[in-house]
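Only one structure is covered here, and it is reproduced in the block below.
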Amino acid sequence: TKKMIKDDGRIDLEIDRLAYCYQITKAEMLWQYKNSEVRMCYDPNNLSKIYIFERFTFKFIGVIEPRMKMDRDNKYRVLG
C-alpha cells in the first residue's frame, strides 16, 4: 500500500471500512520522511503495527503502531 506521511507524522489508513490513524513518534524518522510517499506492509488480521519502506528503494524505515481507530458508527477510540 502506498501512503503519504503528513506534516505531523500521521498516516491514515482505511481497512474494511474502519479508519486507522498511525503516528510516527520517532523524530528522526518523521523529519526525514514527512510529506513523502512510503510503502506499507501489514497483516490485515493484526493491525497492531505496520512496517514502512521507502517507496522506490524498498529500504526499511521502521515500524509504527496505531494511535486512533474510527469504527463504522464514527466513534473514535484512542489506542495505546
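Heavy atoms only: backbone and side chains are in, while hydrogens, waters and symmetry mates are out.
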Can you tell if the side chain of [X] reaches within under 4.5 Å of the side chain of [Y], non-hydrogen atoms only?
X: Tyr22; Y: Leu47; answer: yes
X: Phe53; Y: Val38; answer: no
X: Ile11; Y: Ile64; answer: yes
X: Leu13; Y: Lys3; answer: yes
X: Phe60; Y: Tyr51; answer: yes

> Can you name the closest pair of heavy atoms from Glu65 and Ser48 and give their distance?
Replying inline: CG-O, 3.5 Å
> Considering all heavy atoms of both residues, which atom of Ile50 and which atom of Met40 are nearest to each other, and what is their separation?
Replying inline: CD1-SD, 3.4 Å
>> Walk me through whether Glu14 and Tyr20 qualify under side-chain contact (heavy atoms from CB on, under 4.5 Å).
In response: CA-CA 6 Å; Glu14 185 174 318; Tyr20 291 85; over 6 Å; no
> Should Met4 and Tyr42 be regarded as members of a common hydrophobic cluster, given that ILVMFWY residues are connected when their side-chain heavy atoms come within less than 4.5 Å of each other, either directly or indirectly?
Replying inline: no
> What is the distance from atom NZ of Lys59 to atom CD1 of Ile52, rounded to the nearest 0.5 Å?
Replying inline: 13.0 Å
>> Check this for me: does any side-chain nitrogen of one of Lys6 and Asp12 sit under 4.0 Å from a carboxylate oxygen of the other?
In response: yes
>> Between the side chains of Arg55 and Glu37, is the shortest nitrogen-to-carboxylate-oxygen separation below 4.0 Å, so that they form an ion pair?
In response: yes
>> Show, in sequence, the C-alpha distance, side-chain angles and deciding distance for Asp7 and Asn35, and conclude whether the side-chain contact (heavy atoms from CB on, under 4.5 Å) test is met.
In response: CA-CA 6 Å; Asp7 272 339; Asn35 294 318; 2.5 Å; yes
